[in-house]
Amino acid sequence: MQKPSIPQGTRDFGPAQVARRQHIFNVIRRTFEQFGYAPLETPTLENLSVLTGKYGDEGDQLLFKVLNSGNFLQNERRGVITPNVTAEDLDAGPKVVLPKIAEKGLRYDLTVPFARYVAMNRGTLTFPFRRYQMQPVWRADRPQRGRYREFYQCDADVVGTDSLLCEAEIVLMMAQVLNGLGLHDFTIKINHRGVLRNIFQALGGAGNENDLFVAIDKLDKIGREGVSKELLEKGFAASVIDTLFELLGVEGDYAEKLQRLLAGFATAGVESDHDRGYRGLAELADVHDLLVASGFRQFERLEFDPALARGLSYYTGCIFEVKINNVAMGSVSGGGRYDNLTGAFGLPGVSGVGFSFGVDRLYDCLESLDLFTETAETPTRCLLTHFDKESGLAALPLLAQLRAANIPSELYPDASKLQKQFKYADAKGIPLVLILGPEELAAGVVKIKILKTGEEKVLPIGEVVSALTV
RNA sequence: GUAGAUAUAGCUCAGCUGGUUAGAGCGUCGGAUUGUGAUUCCGAAGGUCGUGGGUUCGAGCCCCAUUAUUUACCCCA
C-alpha cells in the first residue's frame, strides 16, 4: 500500500475551506462586475511559445512544462529521442531539447494569456475592452509561507485606453474588495515607472537601471543599510546613494511628496518629459484628483511610495501594490499600466492597465487575523432522522418538499441509533434535526429540534415547510 | 538554485546522558434505563518511530546517505 500524497506546493480544500474561498471570490467578482468588467477564461495549457520570454529568465525557469504526447523511448536504441531531437541537441543541453519535447506549459499568470487573447481576437473586440479573470496559475517555485505552486489569481484589466480614470478605478476596486472582506487595515502603495526613471536620471545615469529598481524595491524589507550594501556591490557610488535616499526619503502626504520630488528632480537637472514637468509625477497627481472626484475617502490608506518598483518589466506607467498591515505576508494585490503588452503577439500600441488579487494570500490573511465568521462544514440546514424502513420512506415526500422550497436537506441514509444521527448533525453543524419516527407518523406531526438551543417544537407535517421558510 | 530546521498513532505532539512490553491530548469505534447531539464517566482499536546503511551487548535517541515536509534568501500573488 502506498502512502497517499499530493505534489509539493499544492493543497486540498475541504468543504469549510471552499466555502470561505467562495466568499472571497464572490466579493471580488461582485466588485469587478460593478465596475463593468466582463469575465474571461483561458485554457490551463498555453503553447510554450506564448509563455516563454514574457517573465524574464527567472520566470522561464518557473514555468511548468508539459511533455509532448508519444513514446519518447521508442527509438532510444537507435539513438533517437524523437524525430526532432538529434544527438547534437542532447549535447547542447535542456535549452535546446526542452522546446522540442515540450510544446505546452501551464499558465504562469493571467495577464499574458489575456494579451494573447486580445491579439487573437483584435477584430471582434470592442475597445476599450474590460475583462476580469479568476483562474489558477502554476509556478515551479519553492513553496513557503504565502507561496504555493498552484494558486488563484483574480485579474481585472482594461486595454485600449490611456485614461488615468482606469488607474483611479483600480484603487477604488482594491479598497472596495478589502473593505468588503473586512480587511480594513491595508495600505495601497502607488508609484509610477516614470518617477523611477526620473530618479535614475537624477542620479546621473550611472550604473544599471534595473539593478537600482530591484534594490530600492526592497527598502521597506531590508532597510537603508541593506539597500546601500546591495547598490555598492552593484557598483553605485556612495555619493549617488546619498542622493537616492534624499529623493526616496521625501516626507509628507501624497501631494507634498509629489511637490518635493518635483523640486528634487529640477535641482538634479532632470530633463522635463511632460508639459507639466514630469510625466510620472503629473499622472500620479491626476490619479489623486480623479479619486477625490470619485468620492474616495480612504486616502490615509493610499500611499505614494517612490521606492515601489515591482518586478515584472512590462509595466510602464502607474504601479500598485497592496499589503495587509500587521500580517507577515507579501503583497495580496498588485498591478500597473503597460504600454505595449500585445506587442509580442503582433499587435503593437495597445496600452492597458490592470491588477490582480491573490486569493490564497487573502485567505491566509483573513485566517491569521481570525476574520472568518462562517465555518459551515456543509450547506445542509435540516437533517431528517431515520428510524426504520417505514419511517425512512415516509420522510421522502417531506425531504422533496424541503428541497423544492430551497432548504438544503438530507435524510440520514441509515436507520442508525438516534444518538449517532444527532452526533452527525452536530459534527457537521446542521442547525435543525427533524424527527419523524413511528410516534410522529402516527400523529401526523414532525418534531423539530434546534440543536443550538436544544429547543423542540412539534408541528403538523403539512406546516413544516412553511414554518421553515420564514 | 543557496542556507537552515523537522520527520514518532488518523491529527497535534511528548519520549531525560542510548537501557526491558514507545506515551498523552484530540479524533474514531463501543458502552453508561435500547427515541436525542455538543458537556460528563467507562472501555477498545490504532505505531516494524520517513526509508536504507553504520556504530553498539543494546538505537525512537548517536553517525552517514536518501526521500519528503517546512522556513529564510532569490523572485513573486
Side-chain angles (χ1 to χ4, degrees), chain A residues 2-11 14 24 28 55-63 107-111 133-155 174 210 213-215 217-218 221-222 226 230 309-313 320-324 328-336 354-365 377 383 385-388 391 412 415-442 446-456 458:
Chain A
Q2 63 165 356
K3 197 177 177 183
S5 62
I6 56 174
Q8 186 182 37
T10 65
R11 284 112 4 110
I24 300 173
I28 294 172
Y55 310 106
D57 286 344
E58 300 245 9
D60 284 353
Q61 287 178 356
L62 298 181
L63 288 172
R107 161 186 345 113
Y108 178 91
D109 73 355
L110 301 179
T111 309
Q133 194 169 350
M134 311 203 304
Q135 291 188 277
V137 302
W138 292 267
R139 297 183 186 179
D141 216 344
R142 272 287 173 69
Q144 54 189 266
R145 172 178 294 282
R147 172 178 302 186
Y148 307 99
R149 287 187 149 185
E150 177 183 60
F151 61 98
Y152 265 81
Q153 290 195 324
C154 300
D155 279 34
M174 284 174 164
N210 264 338
F213 297 162
V214 167
D217 195 41
K218 298 183 217 166
K221 195 170 183 180
I222 60 177
E230 188 162 330
R310 291 186 60 75
L312 291 176
S313 47
F320 307 92
E321 192 162 287
V322 181
K323 286 204 169 187
I324 306 302
M329 179 65 60
S331 57
V332 296
S333 178
F355 75 115
S356 177
F357 284 108
V359 169
D360 304 83
R361 286 190 176 174
L362 286 170
Y363 184 100
D364 291 344
C365 286
E377 184 78 15
L383 179 75
T385 57
H386 198 156
F387 284 80
D388 47 34
S391 67
Y412 195 85
S416 306
K417 289 173 66 174
L418 199 55
Q419 175 176 253
K420 190 167 182 178
Q421 302 189 40
F422 267 87
K423 277 191 176 177
Y424 173 83
D426 183 61
K428 294 246 178 169
I430 299 171
L432 300 174
V433 175
L434 306 199
I435 303 170
L436 186 62
E439 286 176 23
E440 286 80 9
L441 267 181
V446 174
K447 195 186 273 184
I448 301 176
K449 178 154 182 172
I450 303 167
L451 289 196
K452 205 172 174 182
T453 59
E455 186 187 349
E456 287 190 353
V458 177

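In the text below, chain A, chain B and the rest are named by the order of the sequence lines, each starting its count at 1.
Listed by chain and number, the residues in a side-chain contact (heavy atoms from CB on, under 4.5 Å) with A:E456 are A:K447, A:K449 (sequence neighbours excluded). Looking at residues two or more places apart in sequence or on another chain, you find no salt bridge (Lys or Arg N to Asp or Glu O under 4.0 Å) involving A:K420. Residues that satisfy the ring pair (Phe, Tyr, Trp, His ring centres under 6.0 Å) test with A:Y412, not counting sequence neighbours, are A:Y424. In this structure, A:F422 has no ring pair (Phe, Tyr, Trp, His ring centres under 6.0 Å) partners at least two apart in sequence or on a different chain. Listed by chain and number, the residues in a side-chain contact (heavy atoms from CB on, under 4.5 Å) with A:R149 are A:Q8, A:F64, A:P143 (sequence neighbours excluded). When the side-chain contact (heavy atoms from CB on, under 4.5 Å) test is applied to A:T385, the partners found at least two apart in sequence or on another chain are A:F387, A:L418, A:Q421, A:V433, A:I435. With sequence neighbours excluded, the residues satisfying salt bridge (Lys or Arg N to Asp or Glu O under 4.0 Å) with A:E230 are A:K218. By the side-chain contact (heavy atoms from CB on, under 4.5 Å) test, A:D360 pairs with A:R11, A:F13, A:R21, A:Y148, A:F151, A:Y152, sequence neighbours left out.
For the C1' atoms, the distance linking B:G19 with B:G58 amounts to 7 Å, nearest Å. A distance of about 15 Å separates the C1' atoms of B:U8 and B:G25, rounded to the whole Å.
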Contact list (N/O, under 3.5 angstrom) for nucleotides 40-45 of chain B vs protein:
none

Do any N or O atoms of the protein come closer than 3.5 Å to N or O atoms of nucleotides 31-33 of chain B, and which pairs are they?
from	atom 1	to	atom 2	distance (Å)
B:G31	OP2	A:K417	NZ	3.4

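Closest-nucleotide positions on RNA chain B for A:G454 and A:R361 were compared, and the one nearer the 5' end corresponds to A:G454. Comparing A:V322 and A:T453, the nucleotide of RNA chain B nearest to each residue sits closer to the 5' end for A:T453.
Within 4.0 Å (heavy atoms only), A:E230 reaches no atom of the nucleic acid at all. Contact annotation for A:I435: base contact, defined as any heavy-atom pair under 4.0 Å involving a base atom. Here A:F387 lies in heavy-atom contact (under 4.0 Å) with a base. Here A:S356 lies out of heavy-atom contact (under 4.0 Å) with every strand. Residue contacts for A:D141: at a heavy-atom cut-off of 4.0 Å it reaches a base atom on one of the strands shown. Residue contacts for A:V214: at a heavy-atom cut-off of 4.0 Å it reaches the sugar-phosphate backbone alone, with no base atom in range. In this structure, A:S333 reaches the sugar-phosphate backbone alone: every heavy-atom distance under 4.0 Å involves primed, P, OP1 or OP2 atoms, never a base. Nucleic acid contact class of A:E439 (heavy atoms, under 4.0 Å, all strands): base.
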Checklist entry - If the sugar-phosphate is the primed atoms plus P, OP1 and OP2 and the base is the rest, what is the B/S/- string for nucleotides 68-73 of chain B, using protein heavy atoms under 4.0 Å? => result -S-SBB
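Between A:L451 atom CG and B:A38 atom C1' there is a gap of 9 Å when expressed in whole angstrom units. Rounded to whole Å, the distance from CE on A:M134 to P on B:A77 is 18 Å. For the pair A:Y412 OH and B:G37 P, the computed distance is 14 Å after rounding to whole Å. Atom-to-atom, CZ of A:R11 to P of B:A77 comes out at 16 Å; the value is rounded to the nearest Å. Taking atom CD of residue A:E456 and atom P of nucleotide B:G37, one finds them 11 Å apart after rounding to whole Å. The CG-C1' distance, from A:L418 to B:U36, rounds to 5 Å in whole Å. Following rounding to the nearest Å, A:Q153 (CD) and B:C76 (P) show an atom-to-atom distance of 13 Å. Distance, A:H386 NE2 to B:G35 P: 15 Å, rounded to whole Å.
Atom CD of A:Q153 sits about 9.5 Å away from atom CZ of A:R107, to the nearest 0.5 Å. How far CZ of A:F357 is from CG of A:D155: 10.5 Å, rounded to the nearest 0.5 Å.
A:T111 has its side chain out of reach of A:S356: every pair of non-hydrogen atoms, C-beta onward, lies at least 4.5 Å apart. Contact annotation: the side chain of A:L434 never approaches that of A:L383 to less than 4.5 Å [non-hydrogen atoms, C-beta and beyond].
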Checklist outcome for this item: Secondary structure of RNA chain B per the Watson-Crick/G-U criterion (both distances under 3.5 Å; [ ] crossing, | other strand, . unpaired) is (((((((..((((.....[...)))).(((((.......))))).....(((((..]....))))))))))))....
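Listed for the A:S331 side chain is no donor-acceptor partner under 3.5 Å among the backbone atoms of A:V322. The backbone N or O of A:E58 sits nowhere less than 3.5 Å from a side-chain atom of A:Q61 that would complete a donor-acceptor pair. In this structure, A:R361 contributes its side chain and A:V332 its backbone to no donor-acceptor pair below 3.5 Å.
Checking B:G30, B:U36, B:A77 against every side-chain atom of A:K447, the shortest atom distance belongs to B:U36. Comparing B:A38, B:U36, B:A77 by their nearest atom to the side chain of A:K423 picks out B:A38. Closest to the side chain of A:E58, from the set B:G35, B:C75, B:A77, is B:C75.
When every heavy atom of A:C365 is checked against every heavy atom of A:M329, the shortest pair comes out as SG-CG, 3.7 Å.
Stacking between A:F357 and the base of B:A77 is absent under the criterion of ring centres within 5.5 Å and planes under 30 degrees.
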